[in-house]
Number of protein chains: 2
Amino acid sequence: MTKAPTRIQKRNRAAILSAGLDIFSQYGFRGATLDQIADAAGLSKPNLLYYFPSKEAIHSALLERLLETWLDPLKALDGSGDPITEIMAYAQRKLAMSRDFPRESRLFANEILQGAPRIEEILKSDLKRLVDQKAEIIKAWADDGKIAAIDPHHLIFSIWALTQHYADFDVQVRAVLGGRDPFPDAATHLDHLFQRMLKVEP
Amino acid sequence: MTKAPTRIQKRNRAAILSAGLDIFSQYGFRGATLDQIADAAGLSKPNLLYYFPSKEAIHSALLERLLETWLDPLKALDGSGDPITEIMAYAQRKLAMSRDFPRESRLFANEILQGAPRIEEILKSDLKRLVDQKAEIIKAWADDGKIAAIDPHHLIFSIWALTQHYADFDVQVRAVLGGRDPFPDAATHLDHLFQRMLKVEP
DNA sequence: CGTTCTTTTGACCAGTTGGTCAAACCAGAA
DNA sequence: TTCTGGTTTGACCAACTGGTCAAAAGAACG
């Protein structure tokens, strides 16, 4: 029977997770150190290990929380809605996540770059199942002539690529743009792009 | 005056760079260890340090070689060619690079994810200059009605995102596709996509 | 106030890390 | 064959790594 967490526990656990997100999303699991995370969280290393039993545990907690929310936008894609509206809304939701949760996006990117050792099974089961199911919906729309004929899986990959790029490659994007905020323009750009991509030929 | 490299030097330096590319592209600079690299290169650690003076030196050599070839496809975009052909050829060249040099793509991704500490200045100067110049060309095409009106910078970002995704997120893409090779389908998908994206409205 | 439970810390540990060095080894030219 | 310069290695080092522990310091509550 686990006790209810105290005020201090809540604060410190949150601080550790936020600090861990900062560090892990930048350096990956291997490149991050407990000293860095403890420092960023404003705690001593032994104190940090009082709240999480190991480096692994912090990372696992973050990945778990991430996967939970990461797939929600795709789950929300509704087969009974208007096809083009649905797909474009999904893309805009994902772009908003890149804007509002760039660290989560980079944590995920880092995990995949390292070969996804900790989540490969989930990708092959849960993620694949979800994507296959939504691809089915998109295929039906295409077959019915409601959107242009397009490979559903690669359409989903394209949405991921186009939106996550603005979080994962943020420093490059801003360097090229001379420091300007890319997101407003990115939103209208992707809007135009998906409109043209999906519109049925006259 | 530097001597010409011997046969052994050439072989070992190449082995080290290849091993370094393997390891750095997976784990990033901080996450990679000299022992890993030496092991992958089939050399002892002191022997490795006989050819490169430090971990930094190996990484720098790789980044330098990378940047040299990484921007060539964009440089080749020709303002005097046929607009749609030129842009689509650029996208296909970049996709081919994701297929043929995925480690280089991941090395670059890792560097950017970590905040690009070693190449930020180059991004802000050389890369920005090159992109601005090519964006100029694309803008002229759009103004002349030769391609659809589209934000040139974000068009370039889109090409980067859509193509590099297949290298950087390879394990995710393959997991979702059940292990199938994504590249043939990706090529035709991107072909259709850019065709629709760039075609001028009738 | 004192007691009990939670929280924090300094000292410490074994294994790993990037890097050094002198000595040994080896290939090839004379 | 010997000499020479390039090559390889084992032993070593200081700094850092993830993690432990007992003891000290705070909260919480009657």
Side-chain angles (χ1 to χ4, degrees), chain A residues 1-64 107 110-111 114 117-118, chain B residues 1-64 107 110-111 114 117-118:
Chain A
M1 192 162 163
T2 40
K3 303 272 173 68
T6 72
R7 200 176 64 255
I8 297 177
Q9 274 168 12
K10 254 189 249 180
R11 168 171 50 85
N12 283 345
R13 261 193 250 272
I16 291 168
L17 287 176
S18 176
L21 188 52
D22 272 342
I23 307 298
F24 282 131
S25 68
Q26 241 189 65
Y27 299 106
F29 182 76
R30 291 220 37 184
T33 76
L34 285 180
D35 290 285
Q36 276 180 297
I37 297 173
D39 209 52
L43 299 173
S44 66
K45 188 168 55 169
N47 200 179
L48 180 149
L49 287 163
Y50 170 72
Y51 290 100
F52 287 86
S54 68
K55 186 182 176 184
E56 270 281 345
I58 304 173
H59 194 252
S60 293
L62 285 169
L63 272 190
E64 216 161 301
L107 179 71
N110 243 313
E111 180 66 15
Q114 284 174 31
R118 292 157 241 275
Chain B
M1 193 166 163
T2 41
K3 300 275 171 64
T6 70
R7 201 174 64 254
I8 297 177
Q9 274 169 11
K10 251 189 254 180
R11 170 170 51 84
N12 283 346
R13 261 194 248 272
I16 291 168
L17 287 176
S18 175
L21 187 53
D22 272 341
I23 307 299
F24 281 131
S25 67
Q26 240 190 49
Y27 298 106
F29 181 76
R30 292 221 38 184
T33 76
L34 284 181
D35 290 284
Q36 276 180 300
I37 298 172
D39 209 51
L43 299 172
S44 67
K45 188 167 56 171
N47 199 178
L48 181 150
L49 287 163
Y50 170 71
Y51 290 100
F52 288 85
S54 68
K55 185 182 176 183
E56 270 280 347
I58 304 173
H59 194 252
S60 293
L62 284 169
L63 271 190
E64 215 161 302
L107 179 72
N110 244 313
E111 181 65 16
Q114 284 174 31
R118 295 157 237 277

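Values reported hereafter were calculated over all heavy atoms of this structure, with side chains retained and with hydrogens, waters and symmetry mates removed. In what follows, chains are A, B, ... by sequence order, proteins preceding strands, each numbered from 1.
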Could you pull out all residues at least two apart from A:Ser54 that satisfy side chain to side chain donor-acceptor pair (under 3.5 Å)? none
Fit a plane to each ring of A:Phe24 and A:Phe29, take the angle between them on a 0 to 90° scale, and name the class: parallel (under 30°), tilted (30 to 60°) or perpendicular (over 60°). parallel
Residues 30-41 of chain A vs salt bridge (Lys or Arg N to Asp or Glu O under 4.0 Å), sequence neighbours excluded, gives A:Asp35-A:Lys45
At less than 4.0 Å, is any side-chain N or O atom of B:Asn12 found next to OP1 or OP2 of D:dG6? Yes or no. no
Would you say A:Tyr50 reaches C:dT8's phosphate, i.e. side-chain N/O to OP1/OP2 under 4.0 Å? no
Which of residues 19-47 of chain A have a heavy atom under 4.0 Å from DNA chain D? A:Ala32, A:Thr33, A:Leu34, A:Asp35, A:Lys45, A:Pro46
Sequence neighbours excluded - salt bridge (Lys or Arg N to Asp or Glu O under 4.0 Å) pairs with any residue from residues 9-28 of chain B: B:Asp22-B:Arg103
Using heavy atoms and a sub-4.0 Å distance, could you list which residues of residues 52-61 of chain B are near DNA chain C? By number, please. B:Ser54, B:Lys55
For C:dG28 and B:Arg7 - does any side-chain N or O of the residue sit under 4.0 Å from the phosphate oxygens OP1/OP2? yes
How close do A:Ala15 and A:Ala41 get, counting heavy atoms only, and between which atoms? O-CB, 3.8 Å
Would you indicate whether the side-chain heavy atoms of A:Phe52 and A:Leu17 approach each other to under 4.5 Å? yes
Quick one: is A:Gln9 getting a side-chain N or O under 4.0 Å of the C:dT6 phosphate, OP1 or OP2? no
Would you mind reading off the distance between A:Leu49 atom CG and C:dT7 atom P, rounded to a whole angstrom? 15 Å
Presence of A:Tyr51 side-chain N/O under 4.0 Å of C:dT8 phosphate oxygens OP1/OP2: yes
Minimum-distance pair of heavy atoms, taken over all atoms of B:Leu107 and B:Leu62: CD2-CB, 4.0 Å
Give every residue pair that meets the salt bridge (Lys or Arg N to Asp or Glu O under 4.0 Å) criterion with at least one member in residues 47-64 of chain A, sequence neighbours excluded. A:Glu56-A:Arg118
If you round to the nearest 0.5 Å, how far is CD1 of B:Ile23 from OG of B:Ser18? 9.5 Å
Using atom CG of A:Leu48 as one end and atom P of C:dT7 as the other, report the distance to the nearest whole Å. 14 Å
If I take atom NZ in residue B:Lys10 and atom C1' in nucleotide D:dG6, what distance separates them, rounded to the nearest angstrom? 16 Å
